Amino acid sequence: MLSFADARSGFEDASFVVFGIPFDKTTTFRSGTKFAPTAIREASLNFEPDLFEHCIDLRDVPFHDMGDLHEEGSVDEMVVSIENEAKRIVSSGKFPIAMGGEHSITPPIVKAFGDGISAVIIDAHLDFNDEYQGLKNSHACTHKRIEDVVGKGNVFAFGVRSMSVDERPEEALFADSLTIHERGCELVFEEMLSNLGERSVYLSLDIDGIDPAYAPGTGTPEPFGLTTFDVKYIINRLGDRLVGFDVAEVCPPCDNGNTSMLAARFIREVVAVKWKSMKHE
Ligand code: MN
Ligand code: MN
């Protein structure tokens with residue numbers, strides 16, 4: 001099987017472990033996110049091993065590609081097996097990087113850390129439903145399920161521009177994309193971060209948080225999104241506080257290739273930024 005570019009370590013030696021979760025059972029509009037892990041690995045081959053602005057050569061980083069989780073069955077069964085795999089990575093002190101699949105993959109990974117961390121979600125959608133189409137583990141409930149794990153006030157969504165009144169937005173912590181556009185990403189992100197305190201942070205990137213002009217290949221695209229530079233800024237701002245990362249909702253059948261490319265590039269960015277901070281600890 002094709003590995004993520006420059007992920008050349010074995011599991012035991014690795015500080016970073018990337019894995020795919022080709023799962024899209026609760027998708028509500030255009031389907032196909034199950035093809036994303038393979039498309040992101042293929043896209044990763046595009047890049048040079050060096051991230052010049054970080055002075056990092058990815059070939060020097062202990063980075064392992066664990067392959068894909070294959071689990072057929074219900075969404076409820078799937079989240080249990082994701083949690084078990086994530087626990088295996090986290091309990092061995094490694095940094096997990098998941099490639100969805102749809103966004104329902106994230107809460108079980110956060111669960112592997114327990115309740116001592118905070119979470120930042122980049123997403124066009126508030127996804128704060130307690131239940132959606134009879135499912136608690138739907139991708140439309142991701143934010144709510146993460147809040148169940150880390151507790152109220154320890155998770156916020158960034159870049160939101162789609163929600164319904166049923167989601168009780170007044171109870172959720174989030175920054176909407178129009179405010180971010182008007183006041184600037186750095187200022188608004190700083191204000192949101194100040195709510196979280198000093199905990200370590202898990203970052204979940206729903207690729208539809210980025211504007212469809214940059215990331216067209218997703219199941220539920222929403223105009224007026226974040227720029228690629230906004231997301232790069234957020235990764236670098238979180239820096240050594242990052243403990244885990246995922247990128248979800250990339251949908252290769254809807255893509256021109258750029259969305260998978262962007263997902264691969266953000267994985268590389270997270271590895272470089274975190275590795276740099278670890279070397280200086
Ligand atoms: Mn989402
Ligand atoms: Mn979304």
Side-chain angles (χ1 to χ4, degrees), residues 20-37 40 75 78-79 82 97-111 119-133 135-150 155-164 166-169 172-178 180 192 201-228 230-231 234 244-255 259-260 262-263 266:
I21 311 174
F23 182 79
D24 62 0
K25 280 227 171 98
T26 79
T27 297
T28 42
F29 189 49
R30 311 192 293 199
S31 64
T33 60
K34 66 178 172 210
F35 301 113
I40 295 169
V75 59
M78 188 65 193
V79 296
I82 295 170
I97 299 172
M99 303 181 285
E102 51 164 69
H103 211 177
S104 55
I105 65 156
T106 304
I109 303 172
V110 175
K111 231 172 162 178
V120 171
I121 310 165
I122 296 173
D123 204 324
H125 307 92
L126 187 62
D127 288 344
F128 203 66
N129 298 288
D130 189 45
E131 195 177 299
Y132 192 77
Q133 295 178 342
L135 283 175
K136 287 239 175 200
N137 290 317
S138 165
H139 74 156
C141 309
T142 293
H143 188 165
K144 189 78 177 169
R145 292 290 83 78
I146 293 173
E147 192 195 75
D148 291 347
V149 180
V150 299
V155 51
F156 68 80
F158 201 75
V160 173
R161 51 206 186 271
S162 172
M163 69 188 84
S164 71
D166 299 342
E167 293 175 71
R168 307 178 73 84
L173 262 183
F174 71 94
D176 72 89
S177 66
L178 291 179
I180 296 164
M192 296 300 295
V201 175
Y202 182 92
L203 177 64
S204 178
L205 172 61
D206 180 330
I207 204 79
D208 69 30
I210 301 169
D211 195 274
Y214 304 100
T218 190
T220 45
E222 282 284 338
F224 309 121
L226 302 183
T227 70
T228 52
D230 291 338
V231 176
I234 288 167
F245 175 69
D246 67 66
V247 54
E249 302 285 348
V250 172
C251 182
C254 314
D255 197 14
T259 314
S260 298
L262 207 50
F266 283 131

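Order of listing sets the numbers, starting from 1, for every ligand and every atom in it. All values below come from the heavy atoms of this structure, side chains included, with hydrogens, waters and symmetry mates left out. Bear in mind that the values here come from a model prediction, so they are computed numbers and not experimental data.
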> Heavy atoms, side chains only, cut-off 4.5 Å: are L173 and V155 in contact?
Replying inline: no
>> The criterion is side chain to side chain donor-acceptor pair (under 3.5 Å); which residues satisfy it with K111, sequence neighbours excluded?
In response: none
> So R161 and D211, salt bridge (Lys or Arg N to Asp or Glu O under 4.0 Å) or not? Walk me through it.
Replying inline: CA-CA 11 Å; R161 51 206 186 271; D211 195 274; 5.5 Å; no
> Around the Mn ion (ligand 2), what protein N, O or S atoms are found below 2.8 Å?
Replying inline: D123 OD1, H125 ND1, D206 OD2, D208 OD1, D208 OD2
> What residues, two or more places apart in sequence or in another chain, satisfy side chain to side chain donor-acceptor pair (under 3.5 Å) together with T228?
Replying inline: none
>> Are Y202 and V120 packed together at the side-chain level, in the sense that at least one heavy-atom pair is separated by less than 4.5 angstrom?
In response: no
> Who passes side chain to side chain donor-acceptor pair (under 3.5 Å) against D127, sequence neighbours left out?
Replying inline: none
